[in-house]
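Read through the structure below, which is laid out as structure tokens, and then see the notes.
Count residues from 1 along the sequence.
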Amino acid sequence: RRTFAVPGAGMQSYYVSRAGVGRPLILIHSINTAASAYEMRPLFDYYRGKRPIYALDLPGFGFSDRADRPYTPDLYTHVIALFLQTQLREKQPADLIALSLGAEFVARAAQINPARVHSLGLISPTGFSGRGGASQNSVPFGNTLHRVLSFPVWGQALYDLLVSERSIRYFLGQSFEGAADEGLIRYALASGHRPGARHAPLHFISGQLFTPNIRETIYEALTLPVLTLYDVDPNIGFAMLPTTLERCPNWRAVRIVPTRGLPHWEKLPETVAALETFWASL
């Protein structure tokens, strides 16, 4: 595990194995009440020793700084872009794999720093549930909702309910076709109870971490190769994914069946096969 400093965001944590050779692979986790780089562990373990691989703890999660500050899409985009610019020893542009809401951040970072990004692999990406995505009008409401949710009298108590063992088991159980992984549950419980753990998730719950109209403004403006892996997800939908596939020849999609948002946990061979086929085609 290594760290690097980001002005305005504190010390950020990431895991790295440089034992492999070739193009670097960067893993970005999702955003939820107890998220961390552990969510990407099956892919990290699989590629360890095969190619240089990195996995970030995004701001407010895992071992990264959890200070009480505004958490925004711009912050996450900036941290990922800065990481790509400053922390990779390899000269080759990287392949990035991101989970759920993390997909929005890597797509934005790829626009900021395209020279460091070779391709994107998006696992159950947000932004395809309905036409237009989040509304700009939701931003003021999100600010108000966050003030309500984070009020000192009940903010911590609310968060404690969300990261109780019963709650984490329930929500992770929704994302597995079979039984949820016990290691992931235990790590989420530990991560969700670190000092300051509530700050970033409360911004997420209040809807402040989604980019309005991400599909039209960011996803469909990308020119680099993009692969989407998906099936059924209890939290988001993919109704507009066919539209993007029709409009953007650089986009491809593979359905990993049956999964519920975490195919790299339950269908790792199929997930790896789809990624390898995609990379080989480039």
Please enumerate all residues that pass side-chain hydrogen bond (donor to acceptor under 3.5 Å, both in side chains) together with E182, with sequence neighbours excluded.
R169
According to side-chain hydrogen bond (donor to acceptor under 3.5 Å, both in side chains), who are the partners of Q87, at least two apart in sequence or on a separate chain?
Y14
Could you list the donor-acceptor pairs under 3.5 angstrom formed by side chains in residues 171-178, with sequence neighbours left out?
none

Show me, pair by pair, the donor-acceptor contacts under 3.5 angstrom made by side chains of residues 1-12, not counting sequence neighbours?
from	atom 1	to	atom 2	distance (Å)
R1	NH1	S13	OG	3.1
Q12	OE1	S64	OG	3.4
Q12	NE2	A9	O	2.6
Q12	NE2	G10	O	3.4

In chain order, what residues pass the ring-ring contact (aromatic ring centres under 6.0 Å, His included) check against F278, with sequence neighbours excluded?
none
With H264 via ring-ring contact (aromatic ring centres under 6.0 Å, His included) - residues at least two apart
none
So, using ring-ring contact (aromatic ring centres under 6.0 Å, His included) as the criterion, who are the partners of W279 when residues are at least two apart?
Y47
About how many Å separate OG1 of T77 and CG of N113, when rounded to the nearest 0.5 Å?
12.0 Å
Partners of R48 by salt bridge (charged side-chain N to carboxylate O under 4.0 Å, His left out), sequence neighbours excluded?
D45
Taken in chain and number order and not counting sequence neighbours, the residues that satisfy side-chain hydrogen bond (donor to acceptor under 3.5 Å, both in side chains) with T33 are none
All side-chain hydrogen bond (donor to acceptor under 3.5 Å, both in side chains) counterparts of Y71, not counting sequence neighbours
none
Sequence-distant partners of R255, side chain to side chain contact (heavy atoms under 4.5 Å, CB included), two or more places apart:
Y230, D231, V232, V257
Is the shortest side-chain N to carboxylate O distance from D74 to R108 below 4.0 Å?
yes
For the pair R252 and S281, evaluate side chain to side chain donor-acceptor pair (under 3.5 Å) and give the outcome as yes or no after the intermediate values.
CA-CA 11 Å; R252 309 176 199 180; S281 72; 2.4 Å; yes
Sequence neighbours excluded and cut-off under 3.5 Å, please list the side-chain donor-acceptor pairs for residues 96-107, or say none.
from	atom 1	to	atom 2	distance (Å)
E104	OE1	T211	N	3.0
E104	OE2	T126	OG1	2.7

